[in-house]
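In what follows, a structure is listed as structure tokens, so that the remarks can point back to it.
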Amino acid sequence: MNALPTQARAVIVGGGIAGCSVAYHLTKLGWKDVVLLERKRLTSGTTWHAAGLIAQLRASKNMTRLAKYSQELYGELEAETGIATGFRRCGSITMALTEARREEVLRQASMARSFGVEVHEVSDAEVRELYPHVNTEDMTAAVHLPLDGQGDPANIALSLAKGARQRGAQVFEGVEVTGVDQDRGRVTAIHWRRGDETGTITTPNVVNCGGMWARDFGKMAGVNVPLQACEHFYIVTENIAGMTQLPVLRVPDECAYYKEDAGKILLGAFEPVAKPWAVDGIPADFEFDQLPEDFDHFEPILEQAVSRVPMLAEAGIHTFFNGPESFTPDDAYHLGPAPELDGYYVCAGFNSIGIQSSGGAGMALAHWMDTGLPPFDIGDVDIARMQPFQRNKRYLKERVSETLGLLYADHFPYRQKATSRGIRRSPLHNLLAENGAVFGEFAGWERANWFANEGQEREYRYDWGRQNWFDNQKAEHDAIRNGVGLYDMSSFGKIKVEGPDAEAFLNHVCGGDMSVPVGKIVYTQMLNVNGGIEADITVTRLSETSYIVVTPAATLVRDMAWMRRHVGDRFVVLTDMTSAEAVICVMGPKSRDLLKAVSPDDWSNEVHPFGKAREVEIGMTLARAHRVTYVGELGWELYVPTDQAAHVFEVLWQAGAPLGLKLCGLHMMDSCRIEKGFRHFGHDITGEDHVLEAGLGFAVKTAKPDFIGRDAVLSRKEGGLQMRMLQFQLTDPDKMLFHAEPILRDGEIVSYVTSGNYGHTLGGAIGMGYVPCAGQSVAEVLDSTYQIEVAGERVTATASLKPLYDPKSERVKV
Ligand SMILES: NCCCC(=O)O
């Protein structure tokens, strides 16, 4: 038996395809002393029984880029390592059986084209030509991706491991990691056991590739990895005489996928209600094991499959397979540095698409470990999006019973999860509910998305067109534009930054100038060294030595981690104050009248101008009123101690009646902000978007001597922009924009919509998106014909650099 080393640059824990891919890519980047430890044998957890489908189409640009990378990598592995991977580009077909699914697959195809994936819409006759055995009678649409593939999962993993070994990685099987040491927030070593032998490897980097064990392994080091195994079922038929090679077939409306392999058909299922497995712990000796059959559970899928692919009725079932796969609360995997512990990385939770994802995920993580940043924005899967409570086992059990099925459910815009709800509630929750709120869930928070009218059904009816809340959103939007509206933003992340070095620290980590008087609110970004946007925040000075940073609910964990990593030896304390204060937003041209009615303070523009925060009296209590807006109107955000929030709400609600005060939701907020061209972090602006190209140069103060990203801002100023963010409005008022629709300039796809919503004042769908502009003036960029492709149809759009609504911000500063 080979001796284990006593030190390594990186220790990868877990020998499934994810761990092998990370080892492969780290060594490809020239890393020496890479060690991979597998508790049993390589691939023995879940990789060995994966179906091995290698699709390229994912929900967003960068996830598609990573899946496309996997497909390309696997196409070359056999030649590099000599291990037969079984990889072939068999292509894939996705068939829609409903009108809603038709719209979804056509929108996906549009999106994929804008990301460089080859995809064709195909007729039923073409489907039958590609897949002669399928019943297309009730098909409404289908798309064909000729370069999608399939392969042998275990051999792809072994091939990656071989590639890593050839470049010096050491791979050990039968080695269990029993502990992770840390010192002052950094990984220092791992402890291992192999039979009776034990030892320690000192290392600055640990990568948790533990698959369905990753949650428990993370816990050992205090790292949050919310995932839970579910039973995943497939059958494999006997050999079918005369069967030729077939593409992969997906029929999501019947929860089914079909893979032809060596003359047999593998039929797999993503059923609507899944079966979580081993919630309280995976058996210690689990290795190449399968779970008991549950034919009753699989039968409804099989019944539909037999009429979809009738030859299944004649083929005998050779294998009924049930094996565990890990699922996450949002069906996206977990990647990146752990926010809790420096030098600890996660690559796990692949939701049954580990084979197609792991090539790209391993590449992205290796790049991240090597340079400190991912190769492009991977916010969709960043482990820092997870909230601490999400590792709760009851929460996970209920949530993953839904998320497995959501893989193949209709991916309607605004679709809300049905399970594990009601966990994080604002102190206003019940008051809003009593008044018709329909809630959506975000980072565990229940947030009022829209308010139903008296007698109206308080549920979403999903659709690709106008959904049942469209008119409610319009009424709320109109109140904000013309009267006064109230909405609850208690879910905002709030980080107190205190200490003698608070000003210096924030000046280092933010692009804006923090050397401002007490009470000043600064809208700013935290930048990375490339000038990309890591956070989009407001920072309010509370005293000489303290500030409050306000950030989106979804990025609190990530922003705290980013700040903590950049504290250095400065004397500051960061405290998460999110639950300490509710945030009640009072917005609209009549907001001043309302606040005057409940408060003795002077609310005039002179005393309380835009960008200022101060203490005020509301009813019988105190609040901190911030004069800012994300909806483009006069208004205030009231920061109120949570125990007094209900009182403030009641006082406002009562006084607001004569002014027509309307309760509003988050769908209103998004509609208003997009009309005003306000960027949305995670969609319009991310770590890969340069702050100048995002049009946010006004918020960056390069006169400051030093801050993260300053050099990148100066050099882009000098070298010129490559892209510009524009705002678009569709000329057809009936079409809808959501996200990722291709943007065409003079007939050529040049980009895609980063976020979209309906602009009720402007009277049409509004989208944001970057367009190339190297060497071109603004006038040249705008002097083009723009179209946006909506489900395959090209719709004319007007484009603007300035906000289409209130371009001079005259309404905000009155
Ligand atoms: N492991 C099953 C993958 C299913 C799919 O790619 O659609």
Side-chain angles (χ1 to χ4, degrees), residues 16-18 43 45-59 63-64 66-68 70-71 74 86-96 101 104-105 108-109 112 117 119 131 142-145 147-154 156-157 211-212 227 229-236 246-261 265-272 274 277 290-291 298 301 305 308 319 321-328 331-333 348-361 400 403-411:
I17 189 164
T43 78
T46 56
T47 298
W48 70 277
H49 63 68
L53 311 190
I54 299 155
Q56 305 163 85
L57 195 50
R58 309 260 39 104
M63 293 304 102
T64 305
L66 291 180
K68 188 163 181 268
S70 295
Q71 179 264 119
Y74 300 163
F87 178 80
R88 63 185 171 90
R89 289 199 173 84
C90 52
S92 81
I93 299 168
T94 299
M95 191 193 281
R101 185 75 71 173
E104 178 178 325
V105 300
Q108 274 185 329
V117 173
V119 53
Y131 207 103
V143 291
H144 178 223
L145 287 92
L147 297 183
D148 272 8
Q150 65 182 53
D152 175 339
I156 293 174
M212 61 186 173
L227 56 79
C230 282
E231 301 183 29
H232 178 51
F233 300 89
Y234 58 72
I235 57 155
V236 183
L246 292 173
V248 167
L249 173 67
R250 292 184 180 84
V251 188
D253 294 310
E254 293 175 342
C255 311
Y257 63 88
Y258 304 76
K259 174 193 179 194
E260 179 279 319
D261 198 1
I265 294 279
L266 182 155
L267 161 67
F270 291 113
E271 66 280 15
W277 175 75
Q290 39 183 303
L291 308 178
F298 193 74
I301 310 285
R308 182 64 46 204
T319 309
F321 186 82
N322 177 10
E325 304 250 13
S326 43
F327 286 82
T328 63
D331 264 343
Y333 53 87
F350 284 95
N351 302 290
S352 196
I353 53 166
I355 307 307
Q356 55 193 275
S357 306
S358 287
V400 299
T403 54
L404 179 146
L406 289 180
L407 285 174
Y408 275 16
D410 287 288
H411 298 112

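Position 1 is the first residue of the sequence; numbering continues from there. Atoms within each ligand, like the ligands themselves, are counted from 1 in listed order.
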Open item on the list: Aromatic contact between H232 and F270, with the criterion being ring centroids under 6.0 Å apart: yes or no?
Closed with: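 Between H232 and F270, the centre distance is under 6.0 Å.
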Task: Residue R250 vicinity, atoms of ligand 1 by number, heavy atom under 4.0 Å - done: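 Under 4.0 Å from R250, ligand 1 has these atoms: 5 (C), 6 (O), 7 (O).
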Open item on the list: Pairs of nitrogen or oxygen atoms closer than 3.5 Å, one from Y408 and one from ligand 1: do any exist?
Closed with: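 Such a contact does occur with ligand 1.
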Open item on the list: Below 3.5 Å, N or O to N or O, backbone or side chain included: is there any such pair between S352 and ligand 1?
Closed with: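 Among all N and O atoms of S352, at least one is under 3.5 Å from an N or O of ligand 1.
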- [ ] For the pair F298 and F233, name the ring-plane relationship: parallel under 30°, tilted 30 to 60°, perpendicular over 60°.
- [x]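 It falls in the tilted class, 30° to 60°.
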- [ ] Decide, yes or no, whether a salt bridge links E260 with R88 under the criterion of side-chain N to carboxylate O below 4.0 Å.
- [x]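 A salt bridge is present here (some side-chain N lies under 4.0 Å from a carboxylate O).
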Task: Residue pair E325 / F350, side-chain heavy-atom distance below 4.5 Å - done: no
Open item on the list: Please work out, at 4.0 Å between heavy atoms, whether the side chain, the backbone, both, or neither of E325 comes within that distance of ligand 1.
Closed with: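 Near ligand 1, E325 shows nothing, with every heavy atom at 4.0 Å or more.
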